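Some notes on the structure that comes next.
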Amino acid sequence: MLSLPLELGLTARRLEEKDTAALQALCDACADYHVLIYGEPAGPGEARNLLTELPPGRTLEDKFFFGLFTPRPRLCGALDLVRDCREPGEWYLGLLLLEPGVRGKGLGEGILRAAEGWARAQGAWRIRLACAEQNTSGRRFWERHGYREDKPFPPRRMGTRETVLVELVHALE
Ligand SMILES: CC(C)(COP(=O)(O)OP(=O)(O)OC[C@H]1O[C@@H](n2cnc3c(N)ncnc32)[C@H](O)[C@@H]1OP(=O)(O)O)[C@@H](O)C(=O)NCCC(=O)NCCS
């Protein structure tokens, strides 16, 4: 189980079907992110999609979808990791999303470091992710933590807008 440093004041546990409504509320609270990436707020099925979407060739057993909780506890973020995506040991970070009120306080950094350490202990040696070209603050966050561009994809329709996804990779120490 992913454990987070005490000073973050957050706990992590894997989300299940019963958490769908709370996850949907998180997606709704992150409308800024959805509008930036998809041109529109999250649809009503977004949480269900997030909990079940998988890269080709992977199963739900390979997917670790964590909720990040305040002490109350209230869901304030989500982290999606899928193991052994394109090759053994290469994990895909499908999502790291914090609600607007808890961003910019160093929590993302703490969560990412803990997640990398946890994945490393499970046999990961590299993490890959896709960041939308227009998500400049997201990209700054990844680059600050050692993620580097691998390749851009051709523009694709995502929601109501055309988006270029850029894949970034980071080798774990
Ligand atoms: C990207 C994301 C996960 C980063 O998490 P975060 O907790 O906001 O990240 P951090 O606080 O560690 O760092 C982000 C900013 O806060 C600043 N910061 C870091 N620690 C800080 C602290 N203790 N006090 C104040 N500011 C701090 C950083 O300098 C950084 O600023 P910058 O982006 O303007 O350069 C989060 O902002 C988020 O969920 N964004 C929307 C979803 C998204 O874009 N996800 C990535 C998809 S590819």
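Each residue takes its place number in the sequence, starting with 1. Values in this document were obtained by computation on a predicted structure and should not be read as measured data. Note that ligands are numbered from 1 as they come in the structure, with each ligand's atoms numbered from 1 the same way.
In this structure, Glu90 and Asp84 have side chains that are not in contact, with every pair of non-hydrogen atoms separated by 4.5 Å or more.
Neither the backbone nor the side chain of Arg139 comes within 4.0 Å of ligand 1, counting heavy atoms alone. Here Arg140 has side-chain heavy atoms under 4.0 Å from ligand 1, and that is the only part of it that gets that close. Contacts between Leu129 and ligand 1 below 4.0 angstrom, taking non-hydrogen atoms only, are absent altogether.
Less than 4.0 angstrom separates atom 2 (C) of ligand 1 from none of the non-hydrogen atoms of the protein.
The single protein non-hydrogen atom nearest to atom 44 (O) of ligand 1 is Asn135 ND2, 2.8 Å, given as residue, atom name and distance. For atom 22 (C) of ligand 1, the closest heavy atom belonging to the protein is Lys105 C, 3.7 Å. Annotation: atom 24 (N) of ligand 1 to nearest protein heavy atom, Gly104 O, 3.6 Å. Nearest protein heavy-atom neighbour of atom 45 (N) of ligand 1: Leu96 O, 2.9 Å.
Here's the thing with Trp142: none of its N/O atoms is less than 3.5 angstrom from an N/O atom of ligand 1.
The pair Glu149-Arg139 meets the salt-bridge criterion, with a side-chain N (NZ, NE, NH1 or NH2) lying under 4.0 Å from an Asp/Glu carboxylate O.
Between Trp91 and Phe64, the two ring planes are parallel [angle under 30°; tilted spans 30° to 60°].
A donor atom on one side chain and an acceptor atom on the other are not found under 3.5 Å apart for Thr163 and Glu133. Side chains of Tyr33 and Glu99: no donor on one and acceptor on the other come within 3.5 Å.
Considering CD of Glu167 and CG of Leu129, their distance stands at 8.0 Å, rounded to 0.5 Å.
Not a single heavy atom of Glu99 sits closer than 4.0 Å to an atom of ligand 1.
Within 6.0 Å of atom CD in Glu17, 12 or fewer heavy atoms from other residues, nucleotides or ligands are found, so the atom counts as exposed in its surroundings.
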